[in-house]
Amino acid sequence: MMARTGMHMTKKGFSFQGPADGVHALKSWITPEDDLFLVTHMGFLEIDPEHWHLDVDGLVGNPTRLHLSDLQAMPQREYMSFHECAGSPLAPTVAKRRIGNVVWKGVPLSLVLERAKISTDASYVWTSGLEWGEYAEIEEAYQKDLPIEKALAEEVLLALEINGRPLTPERGGPVRLVVPGWYGTNSVKWVGSITAANRRASGAYTTRFYNDPTASGTKPVWDVTPESVIVSPSPNDLLSADMPTKIWGWAWGDCQISSVEVSVDGGGSWRTASVGPREGRSWQRFELTWSPEPGPHVLLCRCKNELGEEQPVSDARNAVHSVQVQVDF
Ligand SMILES: Nc1nc2c(c(=O)[nH]1)N[C@H]1C(S)=C(S)[C@@H](COP(=O)(O)O)O[C@H]1N2
Ligand SMILES: [Mo]
């Protein structure tokens with residue numbers, strides 16, 4: 001892939017950054033950017049905003065090129081959403097718990113597709129990042145796809161801001177796609193082209209990676225399945241037997257969470273936690289008050305969404321989370 005004018009890669013290769021304390025760092029409703037994980041497959045791209053543009057082509061009546069000022073002149077909206085990485089595409093059943101909750105702001109993708117006069121024949125929308133490089137010995141553009149229903153949904157944005165600030169280069173600025181409710185892999189950073197099509201995209205990032213094996217074939221890694229984590233206590237906390245303690249955390253998924261259960265005995269018995277509301281596709285807070293007995297304890301949490309879907313015990317990216325704590329006399 002050729003370098004384009006006004007763009008350069010600042011760090012080559014796969015990279016992950018996240019808070020040292022993992023999910024135990026995520027104590028606030030809105031995750032500050034310093035505590036929000038960062039992921040890239042091929043490296044970070046730095047784009048001169050003057051040179052950034054977005055091409056919209058394929059099954060459209062009016063192929064369109066938008067510059068940053070064109071996008072900035074269009075109507076924008078804010079949307080609160082959890083943001084979660086699906087984990088390594090090379091190990092899709094390993095739970096990584098790279099998660100946060102943020103407010104995105106940008107232009108609805110639907111407005112850009114309307115402006116380009118998307119055809120009624122289009123059933124998918126492909127988006128590509130502008131960066132170049134290698135991942136898992138493959139050298140091709142970071143291209144993802146969305147079925148048309150999701151592409152036109154009100155929450156899907158060409159984002160310019162996160163938590164009230166312009167996107168940094170590492171975050172995918174000046175413009176990235178965000179697909180609230182779906183795994184982070186779908187939210188293409190450094191977006192440079194949008195293509196309307198009547199089939200799925202055929203590149204590595206939609207076929208070889210982020211396409212889970214199932215009994216009958218494969219399933220794209222799209223909507224986020226129910227998941228929950230215990231934020232507090234953390235393994236390092238000092239707990240005392242005579243002190244009632246709050247076990248609390250976050251639960252989320254594309255579909256709203258309806259219940260969370262907590263176990264304080266490694267899954268032998270479960271108690272129902274109280275669950276807070278959600279806004280947009282935010283995460284939801286759960287809590288349970290516990291009067292601990294002295295000794296070691298394995299705390300677990302598991303949730304269920306409104307469709308009745310639950311978390312697997314193990315071997316899944318949304319497997320049940322556990323925390324080991326020690327309670328003193
Ligand atoms: N262009 C591009 N977009 C990308 C990626 C990438 O490597 N290149 N990584 C994806 C993955 S796997 C995730 S989890 C999110 C991470 O977004 P963040 O770094 O803002 O948290 O970006 C997604 N968008
Ligand atoms: Mo990811």
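All ligand and atom numbering here is 1-based and tracks the order in the structure. All values reported here derive from a predicted model rather than from experimental measurement.
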Filter the ligand 1-protein atom pairs down to N or O on both sides and distance under 3.5 Å, then list them.
{"from": "ligand 1", "atom 1": "1 (N)", "to": "Glu131", "atom 2": "OE1", "distance (Å)": "3.1"}
{"from": "ligand 1", "atom 1": "1 (N)", "to": "Glu131", "atom 2": "OE2", "distance (Å)": "3.1"}
{"from": "ligand 1", "atom 1": "1 (N)", "to": "Lys189", "atom 2": "O", "distance (Å)": "2.9"}
{"from": "ligand 1", "atom 1": "3 (N)", "to": "Lys189", "atom 2": "N", "distance (Å)": "2.8"}
{"from": "ligand 1", "atom 1": "7 (O)", "to": "His41", "atom 2": "N", "distance (Å)": "2.9"}
{"from": "ligand 1", "atom 1": "7 (O)", "to": "His41", "atom 2": "ND1", "distance (Å)": "2.7"}
{"from": "ligand 1", "atom 1": "8 (N)", "to": "Glu131", "atom 2": "OE2", "distance (Å)": "2.6"}
{"from": "ligand 1", "atom 1": "17 (O)", "to": "His83", "atom 2": "NE2", "distance (Å)": "3.3"}
{"from": "ligand 1", "atom 1": "17 (O)", "to": "Arg176", "atom 2": "NH2", "distance (Å)": "3.1"}
{"from": "ligand 1", "atom 1": "19 (O)", "to": "Val39", "atom 2": "N", "distance (Å)": "2.9"}
{"from": "ligand 1", "atom 1": "19 (O)", "to": "Val39", "atom 2": "O", "distance (Å)": "3.4"}
{"from": "ligand 1", "atom 1": "19 (O)", "to": "Lys189", "atom 2": "NZ", "distance (Å)": "2.5"}
{"from": "ligand 1", "atom 1": "20 (O)", "to": "Arg171", "atom 2": "NH1", "distance (Å)": "3.0"}
{"from": "ligand 1", "atom 1": "20 (O)", "to": "Arg176", "atom 2": "NH1", "distance (Å)": "2.6"}
{"from": "ligand 1", "atom 1": "21 (O)", "to": "Phe37", "atom 2": "O", "distance (Å)": "2.9"}
{"from": "ligand 1", "atom 1": "21 (O)", "to": "His83", "atom 2": "NE2", "distance (Å)": "2.8"}
{"from": "ligand 1", "atom 1": "21 (O)", "to": "Arg171", "atom 2": "NH1", "distance (Å)": "3.1"}
{"from": "ligand 1", "atom 1": "22 (O)", "to": "Arg176", "atom 2": "NH2", "distance (Å)": "3.4"}
{"from": "ligand 1", "atom 1": "24 (N)", "to": "Ser187", "atom 2": "O", "distance (Å)": "2.9"}

Without hydrogens or angle criteria, can the side chains of Asp265 and Ser263 be said to hold a donor-acceptor pair below 3.5 Å? yes
Ignoring hydrogens and geometry, is there a side-chain-to-backbone donor-acceptor pair from Ser258 to Asn305 under 3.5 Å? yes
Measure the acute angle between the ring planes of Phe14 and Tyr135, then classify it against the limits of 30° and 60° as parallel, tilted or perpendicular. tilted
Compare every heavy atom of Ala141 with every heavy atom of Gly129, then report the nearest pair and how far apart it is. O-CB, 4.5 Å
Taking the inter-plane angle between the rings of His24 and His321 on a 0 to 90° scale, is it parallel (under 30°), tilted (30 to 60°) or perpendicular (over 60°)? tilted
Ring-plane angle category for Trp283 and Trp252, please: parallel below 30°, perpendicular beyond 60°, tilted otherwise. tilted
